Amino acid sequence: MSEHIAPASPGRIVVVGAGMVAHRLVEQLVSRAPADTPWSATVIGDEAHLPYDRVHLSEFFGGRSPEQLAMAPTVWDDPHVTLRTGDAVASIDRDAQTVTTRSGETVTYDTLVLATGSWAWTPRTDGTDLPGVFSYRTMDDVVGLQTWVADRAATLGRPLRGAVVGGGVLGLEAASALQDLGAAATVVEFADRLMSVQLDDGGGEALRVLIEDMGVTVRTGTGATRLVSAPDGPVGLMVLSDGSTLDVDVVVFSTGIRPRDRLARECGLAIGERGGVVVGPTCRTSDPAIWAIGEVASHDGECAGLVAPGNAMADVVVDQLLGGDAVYTPAPDGTKLKGVTHDGVPVEAASFGDVFALTPGALEVTFADPVAKTYKKLVVSDDARTLLGGVFVGDAALYPSLRPMLGRALGADPSAFLAPEGGAAAPSADVPDDVVVCSCANVTAGTVRGAVTEHGCTSVAEVKKCTKAGTVCGSCVPLLTKLVNTQLEASGVEVSRAMCEHFAMSRQELFSLVQAEGLRTFTQIVAAHGTGRGCVICKPVVASILASLGVGHVLDAANAPLQDTNDHALANMQKDGTYSVVPRIPGGEITPEKLAVIAEVARDYGLYTRITGAQRIGMFGARLEQLPHIWQRLVDAGMESGQAYGKSLRAVKSCVGSSWCRFGVQDSVGMGVRLELRYRGLRAPHKFKVGVSGCARECAEARGKDVGVIATERGWNVYVGGNGGFTPRHAELLAEDLDDEMLVRVIDRFLAYYIRSADRLQRTAPWVADYPGGIAELRKVLVEDSLGIAAELEATIAQHVDNYEDEWAATLADPVRLARFASFVNAPDTPDPDLAYTPERGQVRPARPGEVSDSNPVIARSIPVRPSDAELEASR
């Protein structure tokens, strides 16, 4: 094997496999190859999808499509790169230096890179070929699983009984997925504990408690020996090695992986004893023209099963092809459970390093809290100074900061890190330059600091773009944030992060941390990143963040105490203490029947009524205890909350466009309705409005809105950052002549990016104006996808759309939430006697000071909480 002989130039590169590490290799080639270096890369993958993020595959069940899971697809637009999907390489001819695909095409290479990954291994079990038996490895696997569960449940007329064979990380993700699909789940694990490779006995038992709390049955110490079909053919029974049986309608095997090395074997490359293509330090195989990276590569007899080592190998190969001398050195890495939740809260389990204290003289420091259901362990050297490993179950907040310190001095008594109160803080951002902060992208602390000092990055987002740190699994984001801000301060850049006395960071930073760590309550958030009990500043901010991430109804027990006054009542409080009622009227379009219901409600409850500036009808003067009765009638008529009370979408204003207007060139009403129904209920740092005009005459005043859409003969122009509250501002042009679908995608990206990165109570106008590089840079990010996050932003909105529910309809169905709507706790049906009104222009308004006197009587509006049926009938 000629390990250090690099070609004069990469030449014609063929990459066999189109997974995550193949994407990394091409991405590095595109960014690092000098302009005068001749090269081309043909990537051939057997899956029909674009290379996708397998780490987050389980998010498919949360609504993310294959397209939304695709990894930075803009890399395939480079003229040097050709991507061929759905056509696997069938054979390799090393003498001719060609590969032949399944479709019969022959491709010549100067350099061949094997990135074929691994396949899901299934133990010898009778019946694995029955319908209803799945692996959990690829996009096709999860699509097939979802389809089977839906179809089979419809056939049987009941929820399915599911089983997962394998209690590792993917097995637990599969069990959670079955529950998400409405099936019951039993995990069958041959070892004596869950995640047996990553967790010790204590951690495994703690995780078992959390998984069983989800409603998942756990069977350890046994395995599946046979699957038996049901009378109609599909799987119906699982026989276990302990002699017991399980009734099953769907079975998922997640029992490990094996390298996909068939092509290498058949063409005569050296293969490791345990499988995989043998590679040396440069990832070159026994053929100098062929390299292997990722799960198919066997380095020192080991095949890595994580994306981080594969990315590191890809970087080494690119460096070698470009004439460098980089070599691959395996680095100890950690594992963190993802994609498993209980009532919306992530089930946390993570470990790294010498979990089982096998190092001679190693000491174990453990803290277990059976009440809080947490387990933490640090493994340290015999002098208790050097960190050798760690296990965290139920609370993995320390994992991101401690994992990079593996093999280094802790700097404190290890027990202090695990103490429930008053313990030492996790390692600060003062870590050595050579510490790997992001193992997925192999980014060191020195590289992060260099992004600030040498490349001028001034935010975490810019450092992510520059270094790719934090862009894969996201677990390093908390430490990355600390590093960036510390370096900015050290460079003399003032970093004002404090949101209030309880959170020493901005809303943007807190949003990223909450999203990355899967925190779901204010208690969790303040414990992890704040102090004290919160205040009127930070509580609404946290409430907004949780609402933007779709964490429960705003009046749920954990969320209700965080809300502002208006959100508490799901209505805007007026000057006299009563509330407004504003149903949603998408695009200003409403049927006569719904108009009649609004009119009847306003008349029956004596409400002041007006047409708002956003093409809606507002009714004013409703008492708190009347709101549920009013909304019940509106909901029954098919209307929903217009969210006039929330920091969210208010309305989408539109003109009649081409439907009626002789000047209209596009259907502005149809687009207005589409956008309002898409973004209804979308919580944001501030309220926002949208306008859609059917031609350049601008009757909907679109350029005065946060998002303005103006029709052209060729499609739609979209403008952003208008309005501005006290400082009105015209929106700026973001993109031109978009078709309907691209228009929606660009608006998705804008809103998701704004929600993610704006400051507390910051409107879109100042956010756009303050964005580094202004609208030109925003255009690169949102239209050209310069950061490679467009798919992720679109997925955020898609998830919101899928999970949307009308807040008032949900409230009416919940007696606990309804109990909040009482003016007086000890007399819930008694109206406020101090409310007084005076006539004006045929309606009533709140009486002003001095208007109430014996000589000038006022209308007391003694309308009952709910008018009786007889009164309603009489009034008609």
Side-chain angles (χ1 to χ4, degrees), residues 397 400-401 425-426 428-429 452 457-464 470 474 477-490 493-552 554 558-568 646-648 682-688 724-726 751-772 796:
S401 296
S428 68
V452 174
C457 296
T458 58
S459 69
V460 173
E462 291 179 8
V463 172
K464 282 185 175 182
V477 170
L479 182 57
L480 178 67
T481 301
K482 291 180 183 179
L483 276 169
V484 171
N485 290 338
T486 300
Q487 189 60 50
L488 286 171
E489 292 172 345
V493 179
E494 183 177 353
V495 181
S496 179
R497 303 184 303 273
M499 188 164 57
C500 66
E501 63 181 292
H502 304 105
F503 288 93
M505 61 190 68
S506 68
R507 177 199 173 275
Q508 176 186 4
E509 292 164 341
L510 186 60
F511 186 99
S512 296
L513 294 171
V514 171
Q515 184 180 43
E517 297 176 15
L519 304 176
R520 289 297 179 265
T521 66
F522 181 84
T523 301
Q524 291 177 338
I525 294 168
V526 78
H529 301 293
T531 59
R533 299 181 179 180
C535 63
V536 295
I537 294 176
C538 61
K539 283 186 175 180
V541 172
V542 170
S544 172
I545 290 173
L546 293 175
S548 296
L549 294 173
V551 182
V554 294
N559 295 331
L562 309 177
Q563 307 301 329
D564 279 323
T565 300
N566 291 336
D567 283 302
H568 267 299
K647 296 292 188 288
S648 57
L682 181 62
R683 297 279 175 154
H686 210 291
K687 64 183 179 183
F688 64 96
F726 284 116
L751 292 176
Y753 200 42
Y754 162 64
I755 290 169
R756 174 189 296 188
S757 57
D759 205 350
R760 181 180 71 90
L761 297 179
Q762 188 178 34
R763 290 178 178 263
T764 60
W767 179 72
V768 170
D770 294 343
Y771 190 85
T796 299

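Because the structure is predicted, anything quoted here is derived from the model rather than measured.
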- Carefully, step by step, assess E509 and H529 under the rule side chain to side chain donor-acceptor pair (under 3.5 Å). CA-CA 10 Å; E509 292 164 341; H529 301 293; over 6 Å; no
- Query: Listed by chain and number, what are the side chain to side chain donor-acceptor pair (under 3.5 Å) partners of N559, not counting sequence neighbours?
  - Reply: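 Side chain to side chain donor-acceptor pair (under 3.5 Å) check on N559 returns nothing, list empty.
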Starting at [atom1] of [X], measure out to [atom2] of [Y] and round the result to the nearest 0.5 Å.
X    : Y    : atom1 : atom2 : answer
R760 : H686 : CZ    : NE2   : 10.0 Å
I525 : L546 : CD1   : CG    : 4.5 Å
S512 : R507 : OG    : CZ    : 9.0 Å
W767 : F688 : CH2   : CZ    : 12.0 Å
L751 : R756 : CG    : CZ    : 13.0 Å
C500 : K539 : SG    : NZ    : 10.5 Å

Quick one: are [X] and [Y] in side-chain contact, heavy atoms under 4.5 Å?
X    : Y    : value
P685 : I755 : yes
L510 : V542 : yes
I537 : H502 : no
K647 : L761 : yes
T486 : L483 : no

- Task: Sequence neighbours left out, what passes salt bridge (Lys or Arg N to Asp or Glu O under 4.0 Å) with R683? Give chain and number order.
- Result: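 For R683 the salt bridge (Lys or Arg N to Asp or Glu O under 4.0 Å) partners, ignoring immediate neighbours, are D567, E807.
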- What heavy-atom pair brings A684 and S548 nearest, and what distance separates the two atoms?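 Here A684 and S548 meet closest at N-OG, 3.9 Å.
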- Message: Would Y754 and V768 count as a side-chain contact (heavy atoms from CB on, under 4.5 Å) here? Give the steps.
- Response: CA-CA 9 Å; Y754 162 64; V768 170; over 6 Å; no
- Would you find a donor on one side and an acceptor on the other, under 3.5 Å apart, between the side chain of Q515 and the backbone of F511?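 A pair under 3.5 Å: no.
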- Evaluation steps, side-chain contact (heavy atoms from CB on, under 4.5 Å), between K464 and L480: CA-CA 9 Å; K464 282 185 175 182; L480 178 67; 4.0 Å; yes
- Query: Taking only residues two or more places apart in sequence or in another chain, which ones pass side chain to side chain contact (heavy atoms under 4.5 Å, CB included) with V526?
  - Reply: F503, F522
